[in-house]
Structure formats: C-alpha cells, structure tokens
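Keep in mind it's a predicted model, so treat the numbers as computed, not measured.
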Amino acid sequence: MTEQPAPADHARQQLEPAAADAVRAYAARTRANADQLAAVLEDIAENGLPSVEDCTPWEELRETHLARLAKQRPAVA
C-alpha cells in the first residue's frame, strides 16, 4: 500500500522570478554533484579502490578546503 499526500486545500505560493532562478541553479548544482559522485562510485565498482599512493590524505584536502573558504570570507578585525 502506497501512501500519497493528502490534496492541499489551498494554492501554492509562487516564488519571485529571482528566487525561482536561484532554486533552479541550486538544483542544477546539486544534480551535477550527485552525477559526479555517481561517476566515482561507478568507477570504484568497475575498477576497485585506488591505491593508497594515488590518493590525497584527508588532512591535505581539509587544509586546501579551509584555505579556499578563508579566501572567500573577508577578514574580521
């Protein structure tokens, strides 16, 4: 037995055009990220895990990401 949502008694609130565009852009980025993750998982399934020598340590990835975030954020006095 599948559950279906009850029909709404009221109309949905429409978004402003700029907000709708922002939601669409977010959906596109999310879809692209999901596609990239799926491709990595498919590669692992097909070829196995990469060797340790071919991987980047997570600490290095973390530091790179934190440095990128620090560049985006203005310094606080």
Practice prompt. Taking all heavy atoms of Cys55 and all of Ser51, pick out the closest pair and write down the distance.
Written response: SG-O, 3.3 Å
Please output the side-chain donor-acceptor pairs of residues 58-69 that fall under 3.5 Å, not counting sequence neighbours, one pair per line with the distance.
| from | atom 1 | to | atom 2 | distance (Å) |
| --- | --- | --- | --- | --- |
| Thr64 | OG1 | Glu60 | O | 2.9 |
| His65 | ND1 | Arg68 | NH2 | 3.0 |

Show me the donor-acceptor pairs within less than 3.5 Å that the side chains of residues 34-45 make with the rest of the protein, sequence neighbours left out.
| from | atom 1 | to | atom 2 | distance (Å) |
| --- | --- | --- | --- | --- |
| Asp43 | OD1 | Asn47 | ND2 | 2.7 |

Distance-only donor-acceptor hits, side chain of residues 15-31, under 3.5 Å, sequence neighbours excluded:
| from | atom 1 | to | atom 2 | distance (Å) |
| --- | --- | --- | --- | --- |
| Asp21 | OD1 | Arg24 | NH1 | 3.2 |
| Thr30 | OG1 | Tyr26 | O | 2.9 |

